[in-house]
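One structure below.
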Amino acid sequence: MTAEPRTGTGHRRPAVGQYAGDRRRAWPYPRTALAMAAAAAAAVPFLVPPYPLYRVTLVLVYVVALLGLDLVTGHGGLISLGHGAFFGVGAYTAAILLAAGAPYPVTLPAAGLVAYGLGHAFGRPAVRLSGLYLAVVTFAVAVAVPPLIRRLAPGGAMGLPARTPGAPSFTGLDDDQWVYLLVLAVTAAAFALTRVVIRSTAGRALAALRADAGAAELLGIRPPATRAHAFAWSALYAGVAGCLFTWTTGFVAPESFTVTLSITLLAGLVIGGLGTVPGAVIGAVVVAFLPAPGLVSGLALIVVLAVAPHGVTGLARRLPSFLGKDRA
Amino acid sequence: MIGQVVHGLGSGAVYAALALALVLVHRFTGVVNFAQGELAMVSAYVAWQLVEAGLSYWVALPLTMVVAFAAGALAQRLVMRRAGDAALIMTIGLYVLVHALAAQIWTSALRAFPDPFPGGPLGVAGPLAVVGAVLALLYLVIRHSGAGLTLRAVAADPRAARLAGIRVGRVHALGWGLAAVAGAASGVLVAPVVFLEPGMMGDALVSALAAAAVGGFANPVAAVAGGLLIGVAETLAGTYLWADLRVVVPLAVLLALPAVRAAGLTRVRA
């Protein structure tokens with residue numbers, strides 16, 4: 001029996017994710033593992049040719065979006081079908097600012113803020129009713145946003161080209177390597193922020209609401225405010241991911257951000273596994289490499305939900321006991 | 001103006017029928033079925049296939065309803081039953097799968113669908129009559145049949161119903177089947193207007209969701225009224241204000257509803 005890991009506040013960790021109660025360590029040196037993973041990720045642009053590097057960069061972009069979606073869906077137990085729209089709004093905010101001549105470091109917080117504001121605007125009324133209602137409202141958002149972009153945004157249906165961040169000359173890097181490293185840095189920051197948010201008072205309140213809304217309310221947690229907050233934060237992630245998408249692809253068009261993208265993001269996250277960091281990473285690989293929703297992804301989603309509701313991550317964690325190994 | 005209102009009622013009838021289907025599934029199984037529109041689209045294809053095979057429209061229609069009922073019940077038995085507490089995400093999986101299957105079978109080519117109703121302002125009476133007939137049929141089945149009684153028992157309290165010896169799983173399948181019949185009506189109504197293609201129910205689904213939300217996903221009459229109103233509002237907004245405003249109408253309704261009525265979804269099982 002191992003001691004429950006404690007956080008600085010002395011509270012026990014809230015039951016976050018499916019396997020929160022089960023704290024077996026797969027690898028006894030988490031910091032070493034983290035450092036190795038970071039080193040490997042930073043080495044990728046020097047080992048991989050440009051086009052595969054572009055695909056890997058996109059995986060990182062989707063990791064950021066899925067970390068945000070996981071806040072609402074994995075940790076909050078609410079379903080958003082509109083994250084593709086927030087992603088698109090972030091991407092367009094960045095592209096429009098870049099076209100207006102803004103330096104690219106400005107576009108990242110701008111895209112995040114715009115998406116955060118929209119997340120509040122849509123989330124606040126949507127979470128006042130039940131969790132199902134958020135899914136319905138966000139679906140309507142996902143359907144309404146592409147035609148609005150087509151009509152209102154510069155470039156219209158043709159889309160809008162954008163400058164991609166160029167590598168400063170002192171680094172001696174190619175532009176695509178530079179973009180990869182920028183995206184990697186933002187992804188790492190997103191990981192760190194997720195950790196902070198989940199362990200914050202608001203994050204614990206969200207987990208408590210998910211575990212038992214009635215008990216949480218008795219403890220003084222206000223469900224609508226907490227959920228609206230979580231939703232707005234998760235929209236911020238999606239907006240930031242959209243900005244990274246613009247940096248990576250250098251082109252945005254309304255057709256890239258339809259309801260299809262929202263569904264793909266949710267499907268990827270569910271297939272990867274809700275409420276876990278590896279789930280978001282596996283989900284991002286699924287989103288980046290699986291073709292648009294079709295027979296394969298529909299079947300995959302149904303089979304995963306029916307057979308392995310905790311996604312690929314859950315399957316991997318079940319593997320040792322499935323193979324008859326001792327439950328440590 | 002009156003022409004636009006009549007036109008709006010025509011699309012409103014489509015939303016009303018689909019909203020009825022959504023209300024049925026939510027009331028009897030507690031989930032919002034995002035795949036409802038795609039099931040309706042497949043029903044429209046089945047009707048088209050039957051008419052292509054030489055059947056008269058009025059023979060093909062009841063046959064389509066039977067097929068739709070079976071398809072809805074089957075979807076519940078084969079897929080939804082295994083969803084656990086992730087039922088809503090499962091309906092999204094169903095949505096993706098059914099859409100992809102239809103695109104495989106029938107390709108994404110646009111196809112003309114027979115329109116049994118005459119054109120002109122009086123033509124709108126046809127779709128409205130269909131919606132009225134579906135509503136009446138559902139009322140009769142749910143209020144005045146043994147199967148309807150079990151449906152209401154399951155909606156009221158699934159555990160108690162199970163203890164009373166009702167096969168809850170079968171009743172859920174019945175609810176899905178009935179909903180699919182209402183959805184099939186919407187598919188057959190919309191197909192002559194927008195042409196038959198796998199994506200044809202995309203916009204209708206959002207409007208129907210908003211319409212169903214007007215009735216808190218529980219009240220069929222309010223859902224029908226909501227569907228008709230949203231149909232008219234969309235047509236008027238699209239014609240007189242701005243064509244792209246159509247897609248914003250359902251969203252605006254959904255955002256305004258919580259302020260107007262705090263009940264809605266919370267009153268029924270959430």
Side-chain angles (χ1 to χ4, degrees), chain A residues 73 77-79 81-82 121-122 124-152 213 224 258-260 262-264 266-267 269-271 274 291-307 309-310, chain B residues 22 26 30-32 34 78-79 81-101 103-104 202-203 205-207 209-210 212-213 216-217 242-259 261-270:
Chain A
T73 303
L78 303 167
I79 292 164
L81 287 166
F122 292 128
R124 218 150 251 287
V127 298
R128 279 182 52 184
L129 303 180
S130 74
L132 289 180
Y133 203 70
L134 183 68
V136 173
V137 172
T138 48
F139 185 73
V141 171
V143 171
V145 161
L148 290 180
I149 289 180
R150 204 175 300 135
R151 175 54 81 95
L152 297 174
T258 55
V259 71
T260 305
S262 296
I263 291 178
T264 310
L266 183 67
L269 186 64
V270 171
I271 292 172
L274 291 173
L295 280 181
V296 181
S297 49
L299 264 182
L301 187 56
I302 290 175
V303 168
V304 163
L305 283 175
V307 180
H310 311 312
Chain B
L22 293 167
H26 182 261
V31 64
V32 174
F34 281 87
L78 291 183
V79 177
R81 191 158 62 112
R82 301 173 204 283
D85 54 1
L88 199 146
I89 304 182
M90 192 61 116
T91 69
I92 306 239
L94 204 57
Y95 168 105
V96 173
L97 183 68
V98 171
H99 188 97
L101 276 177
Q104 278 285 320
D203 290 347
L205 178 64
V206 188
S207 308
L209 283 167
F217 282 89
W242 185 34
D244 293 311
L245 214 55
R246 283 183 71 94
V247 295
V248 184
V249 169
L251 178 60
V253 170
L254 284 169
L255 288 177
L257 273 176
R261 49 174 295 159
L265 274 177
T266 47
R267 265 216 327 235
V268 188
R269 286 186 279 143

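The structure presented is a predicted model; accordingly, all values stated were derived computationally and were not measured.
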Q: Assess whether side chain to side chain contact (heavy atoms under 4.5 Å, CB included) is satisfied between A/L132 and B/H26, documenting all intermediate values.
A: CA-CA 10 Å; A/L132 289 180; B/H26 182 261; 3.5 Å; yes
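Looking only at heavy-atom pairs under 4.5 Å with chain A, the residue among B/V79, B/V247, B/V248 that has the most is B/V247. Among the candidates B/V98, B/V249, B/L209, the residue making the largest number of heavy-atom pairs closer than 4.5 Å to chain A is B/L209.
Across all non-hydrogen atoms, the minimal contact from B/Q104 to A/L295 is CG-CD1, 3.7 Å. Pairing each heavy atom of A/I263 with each of B/I92, the nearest pair is CG2-CG2, 3.8 Å.
Distance CG/B/L97 to CG/A/L301: 9.5 Å, rounded to 0.5 Å. To the nearest 0.5 Å, atom CG of residue B/L88 and atom CG of residue A/L78 are 11.0 Å apart. Summarising the geometry, atom CG belonging to A/L134 is positioned 11.0 Å from atom CG belonging to B/L254; distances are rounded to the nearest 0.5 Å.
In this structure, chain B has no heavy atom under 4.5 Å from any part of A/A267. Of the atoms belonging to A/L152, it is side-chain heavy atoms, and not backbone ones, that fall under 4.5 Å from chain B. With a 4.5 angstrom heavy-atom cutoff, A/L299 touches chain B via backbone and side-chain atoms both. Heavy-atom distances place both the backbone and the side chain of A/V141 under 4.5 Å from chain B.
Within the 4.5 Å cutoff, the side chain of B/F34 has heavy atoms near those of the A/L81 side chain. Between A/V307 and B/R82 there is no side-chain heavy-atom pair separated by less than 4.5 Å.
Side-chain atoms of A/Y133 do not come within 3.5 Å of backbone N or O of B/A213 as any donor-acceptor pair.
Partner of A/V143 under the side chain to side chain contact (heavy atoms under 4.5 Å, CB included) criterion, chosen from B/L251, B/V206, B/L205: B/V206.
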